[in-house]
Structures are given as structure tokens and as C-alpha cells.
Protein chains: 2
Amino acid sequence: MKISTKGRYALRVMVDLATTDPENYISIKNIANRQKISDKYLEQIISSLNKAGLVKSTRGALGGYKLTKAPKDYTVGMILRSIEGSLAPVSCLDDEENQCPRCSDCVSLYVWEKIYEAVNNVVDTITLQDIIDNSKLR
Amino acid sequence: MKISTKGRYALRVMVDLATTDPENYISIKNIANRQKISDKYLEQIISSLNKAGLVKSTRGALGGYKLTKAPKDYTVGMILRSIEGSLAPVSCLDDEENQCPRCSDCVSLYVWEKIYEAVNNVVDTITLQDIIDNSKLR
DNA sequence: TCAATAACCTACCAAAATAGTATGCTATAA
DNA sequence: TTATAGCATACTATTTTGGTAGGTTATTGA
């Protein structure tokens, strides 16, 4: 039941982009140095964020990434799912194809659904802005 | 963010013990056949449940396992944790030793804590009896 | 008391996932 | 036109997951 490092890094990258200099493009190297993450590994992560439309990029000198929206318009769920896929505790809940043969008479399914709902409820109600506001309190 | 097969099997085993014949000891082979799980794999799982005191055993002919308590006295959390360990989404929340160096100024920690709380709240309020009752409705 | 049964214990193993590297190509701005 | 920085693909080492295998110990019924 763990969030991968990719998911954790993704959230930190989004906070970084939102707080460091939201107006200008910031390079991977820049973020990687500040966040102490391998830049090649970060490249993979931010590429997923880019493909999901959560950030936009320009190449070349002075290139880099910036947010496409205001921090209040990103939920934690949007960010984590773009990296981790579904946050379901069992793959039966992911999509129709991954269902196990006994899904129809699975006594535990009801438990997994409740966990799924609870997790979704948390990640879909906390925004990037909430994280930033919360971190400033300390 | 997935529950392992061990965790899922453990829950099914507990339901099996509670519903098949709660008075008598039931052998691993018996459970494994009914639940279509490898008996050697099941042995590992049920051994953890035994060490955690969730079931008790006797050896020899007519030996096997039975519950130590009434189904209403087990929460899903007790069962899953005995197999999976903590259900925390990040290891920082597990125990003091696993903390990452930047835990003290981690902006995301507040998110992980909320997820942790939400998951705990679900698994600690659903009992084994609830699962059994729910499965009978269908 | 002895043979069958079934838990107990330890070790091993293959496949998949995770976390991260390496290399080369393409677009852009100074 | 060159330095910069994103883009794409492939590779690799480590850890976790999901099992197997084999021998030992305890119990019970005949």
C-alpha cells in the first residue's frame, strides 16, 4: 500500500514549479538540483506530467517546464494518477480487463471499494494550492 | 497503492474459518482446496496470522486452525496489518527509523497523513462479521 | 506403539516491479 | 551556428512479490 517514489517526486516537482517561478520555464536540471533528485529520473516523471497536460514545455536554451493552470486548479489526485495510474487497492477496481475470475462472488470487494472511495476522497479534495498554503504555516 | 495477494488471501482465509466450521480445527489443505490457493503459500500466510494471535492451531491428525475470537471482534485492519505491516502510503509514517532526511520539511507529508487516516478509518471500522453479513445479502 | 496426518521451519527460486542510468536525437534561443 | 535543454528509447541493478521444496516435530487414531 505504498505510493512509489515517482508519485512522491511528481508532487514535489509540481510544488516546486508552483512556488519557484510560476511565470517562466524552469529546466529539469534546475528542479533536480533544488530537489536533490537525479535529473534523468526526473525527466521520466516530468515527461508523464507533460503528456497528461499538467505541465507544458519549450525546448532549447531558456527552455524548461511550467504549469498549465493555477495551483488551485490541480488536485493531488490528478497529479498522482498521471504517474501511478489508478489508486485502487486491488486491480479488480481498475478496469474491466483486470478482473479476477471470482470477482463476481468476492466477499472482500466491498472492503476494497470503501478503501478506494476513502483514498479518492482525500486526493480529490486537496489541491496544489492547499499544499503550498499548508507548508507556509510552518 | 495495491494490497498484496497475501493480504487479500488472508482476509479470505479468515472469512473461510469464520463461515465453514468455526467450532473445529480446519486444515490448510482443506482451506486451500476450497479457496483455490496453493497450500504451501497459504501456510506462510496463516503462519503470520497465527503468530499475530488471530488464529490458533493444533498439530497432527485432525489438526488445523480456528479463530481465537468471534468474527465481530476482528477488524479488517487487524488482519491486513498482521500480513502487510502498516498501511501507511509512505514509509516515513511507518516508524521513526524509516524517515527520509527531509521529512521535517516535507511539504507532502500532510497529504500522506490524510490518506493514512482515511485508510485506517475504513479498515478499523469494518469487522469480519460485517464482511460475512454483507456477503449474505447477495 | 506406530503409522498417518498436519503444523512448523528454513531455504530457495522465478518473475515482475521499482528506481535509476546511458545514449543519441531534435528543437530553440542567444 | 552553437550551446542548451527537451524528447525518445533502451538498458540495468536491486527489491519485492508470489510462489516451491524439503525436512522436522507434534498429535491422534488404530
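In what follows, every heavy atom counts, from backbone to side chain, and hydrogens, waters and symmetry copies are set aside. By convention in this document, chain letters (A, B, ...) are assigned in the order of the sequence lines, proteins followed by strands, and residues within each chain are numbered from 1.
For A/Lys51, whose side chain is taken as the heavy atoms from C-beta onward, the closest listed nucleotide among D/dA8, C/dA7, D/dA5 is D/dA8.
You won't find any donor-acceptor pair under 3.5 Å spanning the side chain of A/Gln44 and the base of D/dT9, going by distance alone. Judged by distance alone, with hydrogens and angles left aside, B/Lys40 brings a side-chain donor or acceptor within reach of the base of D/dG22, the pair sitting under 3.5 Å.
Regarding A/Asn24, its CG atom lies at a distance of 14 Å from the C1' atom of C/dA29, rounded to whole Å. One atom, CG of A/Asn33, and another, C1' of D/dA5, lie 14 Å apart when rounded to the nearest Å. Rounding to whole angstrom units, CE of residue B/Met1 and P of C/dA17 are separated by 18 Å. As a whole-Å value, the separation of A/Lys66 NZ from D/dG6 P is 15 Å. Atom C1' of nucleotide D/dT16 and atom OH of B/Tyr41 are separated by 11 Å, given to the nearest angstrom. In this structure, the CG atom of A/Leu62 is 14 Å from the P atom of C/dT28, given to the nearest Å. In this structure, B/Asp39 places its CG atom 12 Å from C1' of D/dA21, rounding to the nearest Å. Whole-Å rounding puts the B/Leu42 CG to D/dG19 P distance at 11 Å.
The phosphate of D/dA5 (OP1 or OP2) has no side-chain N or O of A/Ser57 nearer than 4.0 angstrom. Between A/Tyr65 and the phosphate of D/dC7, there is a side-chain N or O to OP1/OP2 separation shorter than 4.0 Å. One finds no side-chain N or O of B/Ser38 lying less than 4.0 angstrom from the OP1 or OP2 phosphate oxygen of D/dG18. When the side-chain nitrogen and oxygen atoms of B/Asn50 are compared with OP1 and OP2 of C/dC8, one or more of them lie within a distance under 4.0 Å.
Geometrically, A/Lys56 does not engage A/Tyr65 in a cation-pi contact defined by less than 6.0 Å to the ring centre and at most 45° from the axis.
Between A/Ala32 and A/Ser38, the shortest heavy-atom distance links the atoms CB-C, 4.5 Å.
Of the two residues contacting DNA chain C, namely A/Glu43 and A/Tyr9, the nearest-nucleotide position lying further toward the 5' end is that of A/Tyr9. Of the residues near DNA chain C, B/Ala61 and A/Arg59, the one whose nearest nucleotide (by heavy atom distance) lies more toward the 5' end is B/Ala61.
With respect to the salt-bridge test (charged N to carboxylate O, under 4.0 angstrom), the residues B/Lys114 and A/Asp130 do not qualify.
No contact: A/Ile46 has no heavy atom under 4.0 Å from any strand. Residue A/Ser47 is classed as having no contact, given no heavy-atom separation below 4.0 Å to the nucleic acid.
Within the 3.5 Å criterion, the main-chain N or O of A/Asp94 finds no donor-acceptor partner in the side chain of A/Ser91.
Side chains of A/Ser47 and A/Asn50: no donor on one and acceptor on the other come within 3.5 Å.
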